[in-house]
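Model, not experiment: these values are computed from the prediction. Throughout, protein chains are lettered first and strands after them, A, B, ... in sequence-line order, and every chain is numbered starting at 1.
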There are 2 protein chains.
Amino acid sequence: MLNGNQGRGTAEPDDGHDAVRHVCPLNEVLDRVSGKWAIGVLTLVGAEEVARFTELERGIPGISRRMLTLTLRNLERDGLLTRTVYATVPPRTEYRLTEAARELAHTLSLLTDWAKRHQSHVQASRLDYDDSL
Amino acid sequence: MLNGNQGRGTAEPDDGHDAVRHVCPLNEVLDRVSGKWAIGVLTLVGAEEVARFTELERGIPGISRRMLTLTLRNLERDGLLTRTVYATVPPRTEYRLTEAARELAHTLSLLTDWAKRHQSHVQASRLDYDDSL
DNA sequence: CTGTATCCGAAAAGATACTG
DNA sequence: CAGTATCTTTTCGGATACAG
């Protein structure tokens with residue numbers, strides 16, 4: 001902890017090169033859920049129980065196919081969701097949260113609570129700060 | 001929520017341009033604590049109760065002055081820490097967590113718990129995934 | 001339908017030098 | 001001591017085209 005050089009999350013595959021990582025567990029989690037789309041994907045798959053690619057694409061306005069794929073792959077790699085491919089024509093792929101991801105989602109909801117409790121404080125603080133410039 | 005186009009955190013000042021933001025509270029929080037150094041700074045200031053600039057610089061190996069400054073400014077702007085400047089020579093600046101930040105830190109510690117509980121699962125999943133490539 | 005492959009611009013972070 | 005200013009590098013994400 002407090003080791004410095006904590007890598008931030010990325011949607012691109014992670015080589016794990018950054019030698020001084022993997023030390024603070026908290027940054028580890030944050031790496032997993034950071035990235036512009038991870039939370040949205042996690043939340044939607046969780047809400048649907050089981051989700052298909054195009055369904056996610058439609059459910060998350062603004063996401064590109066590339067980013068959806070990248071985000072899904074990273075979450076799968078980290079064991080947060082499973083990917084099941086049916087070799088039919090047309091193909092069908094199903095995504096589901098793992099139990100670990102469901103527990104994570106629960107913990108994250110506590111963070112959401114914090115955000116709701118303090119959102120006016122944060123907003124006011126920003127206005128103050130920006131005005132004082 | 002699930003609105004798409006959630007901006008990710010940045011250490012650079014945030015203009016708030018990204019029109020479709022500020023909708024999912026969770027992404028709001030994540031924006032605040034993302035950035036490579038935010039958690040480290042938050043944690044160290046919290047541990048010291050009151051911290052000075054150089055103290056933080058020494059306590060967070062690898063951080064540059066620029067990034068320390070940017071990170072501190074963003075946290076201050078969001079009302080997560082206070083900055084008190086004493087116009088002495090040499091100058092002295094003190095940083096403290098706000099109450100909101102202490103509550104945030106507590107919630108984040110629950111995330112850390114998740115990370116510790118699942119870190120072997122995640123690690124194994126990654127090895128599996130990478131092997132299968 | 002479920003992806004890949006490329007290329008490109010934007011944004012985050014690092015290096016280095018300078019200052020009240 | 002506590003920052004700024006500038007420049008460069010690295011990483012992330014968007015756009016577009018193509019494919020099994």
(request) Go through residues 48-55 of chain B and report each residue with a non-hydrogen atom lying under 4.0 Å from DNA chain D, sorted by number. (result) Arg52(B), Phe53(B), Thr54(B)
(request) Not counting sequence neighbours, which residues clear salt bridge (Lys or Arg N to Asp or Glu O under 4.0 Å) with Arg92(A)? List them please. (result) Glu94(A)
(message) I need the full list of ring pair (Phe, Tyr, Trp, His ring centres under 6.0 Å) pairs touching residues 45-98 of chain B, with sequence neighbours left out, sorted by first then second residue.
(response) none
(request) Measure from the side chain of Arg65(B), starting at C-beta and using heavy atoms only, and say which of dG13(D), dG3(C), dT4(D) lies closest. (result) dT4(D)
(message) What is the distance, to the nearest angstrom, from the CG atom on Leu56(A) to the C1' atom on dC1(C)?
(response) 13 Å
(message) Could you work out, with salt bridge (Lys or Arg N to Asp or Glu O under 4.0 Å) as the rule, every residue matching Arg73(A), not counting sequence neighbours?
(response) none
(request) Choose from dG20(C), dA5(D), dT2(C) the nucleotide whose nearest atom is closest to any side-chain atom of Thr93(A). (result) dT2(C)
(request) Specify the separation, in whole Å, of atom CD1 of Ile39(A) and atom C1' of dG13(D). (result) 17 Å
(request) State the CD-NZ distance between Glu28(A) and Lys116(B), to the nearest 0.5 angstrom. (result) 12.5 Å
(message) Rounding to an integer number of Å, can you tell me how far Asn74(B) CG sits from dA12(C) P?
(response) 9 Å
(message) Less than 4.0 angstrom between a side-chain N/O of Tyr95(B) and OP1 or OP2 of dC1(D), yes or no?
(response) no
(request) Tell me which residues in residues 80-90 of chain B put a heavy atom below 4.0 Å from DNA chain C, sorted by number, or none. (result) none
(message) Any N or O donor-acceptor pair under 3.5 Å from the base of dG14(C) to the side chain of Arg66(B)?
(response) yes
(request) Name the closest nucleotide to the Thr69(B) side chain, picking from dC1(D), dT4(D), dG14(D). (result) dT4(D)
(message) I need the CG-P distance between Asp31(B) and dA11(C), as an integer number of Å.
(response) 14 Å
(request) Just jot down the side chain to side chain contact (heavy atoms under 4.5 Å, CB included) partners of Ala101(B), sequence neighbours excluded, or say none. (result) Leu80(B), Leu97(B), Thr98(B)
(message) Counting C-beta onward and ignoring hydrogens, is there a side-chain heavy-atom pair between Glu57(A) and Arg65(A) closer than 4.5 Å?
(response) yes
(request) State which of dC1(D), dG13(D), dT4(D) makes the closest approach to the side chain of Arg73(B). (result) dT4(D)
(request) Measure from CE on Met67(A) to C1' on dC7(C) and round the result to the nearest Å. (result) 15 Å
(message) Under the rule for side chain to side chain contact (heavy atoms under 4.5 Å, CB included), what residues qualify as partners of Ser109(B), not counting sequence neighbours?
(response) His106(B)
(request) Have a look at the helix from dC1(C)-dG20(D) to dG20(C)-dC1(D) and give the angle its two end axes make, five pairs each, rounded to 10 degrees. (result) 50°
(message) Once side chain to side chain contact (heavy atoms under 4.5 Å, CB included) is applied, do any residues pair with Ala105(B), and if so which ones, sequence neighbours excluded?
(response) none
(message) Please give me the minimum heavy-atom distance between Leu104(B) and Val33(B), naming the atom from each residue.
(response) CD2-CG1, 3.9 Å
(request) Establish, with yes or no, whether the OP1 or OP2 oxygen of dG14(D) is under 4.0 angstrom from a side-chain nitrogen or oxygen of Lys36(A). (result) yes
(message) Just to verify, what does Val85(A) make a side chain to side chain contact (heavy atoms under 4.5 Å, CB included) with, not counting sequence neighbours?
(response) Arg83(A), Thr93(A)
(request) Rounded off to whole Å, could you give me the CG-to-P distance for the Leu70(B) and dT6(D) pair? (result) 14 Å
(message) Side-chain heavy atoms under 4.5 Å apart, restricted to Ile/Leu/Val/Met/Phe/Trp/Tyr: what other residues fall into the cluster of Leu133(A), or is it alone?
(response) Tyr129(A)
(request) Can you tell me which residue pairs pass the salt bridge (charged side-chain N to carboxylate O under 4.0 Å, His left out) test with a partner in residues 103-115 of chain B, sequence neighbours excluded? (result) Arg117(A)-Glu103(B)
(message) Without decimals, in angstroms, what is the distance between Leu68(B) CG and dA15(C) P?
(response) 15 Å
(request) Mind calculating the distance between CZ (Arg92(A)) and P (dT2(C)) to the nearest angstrom? (result) 8 Å
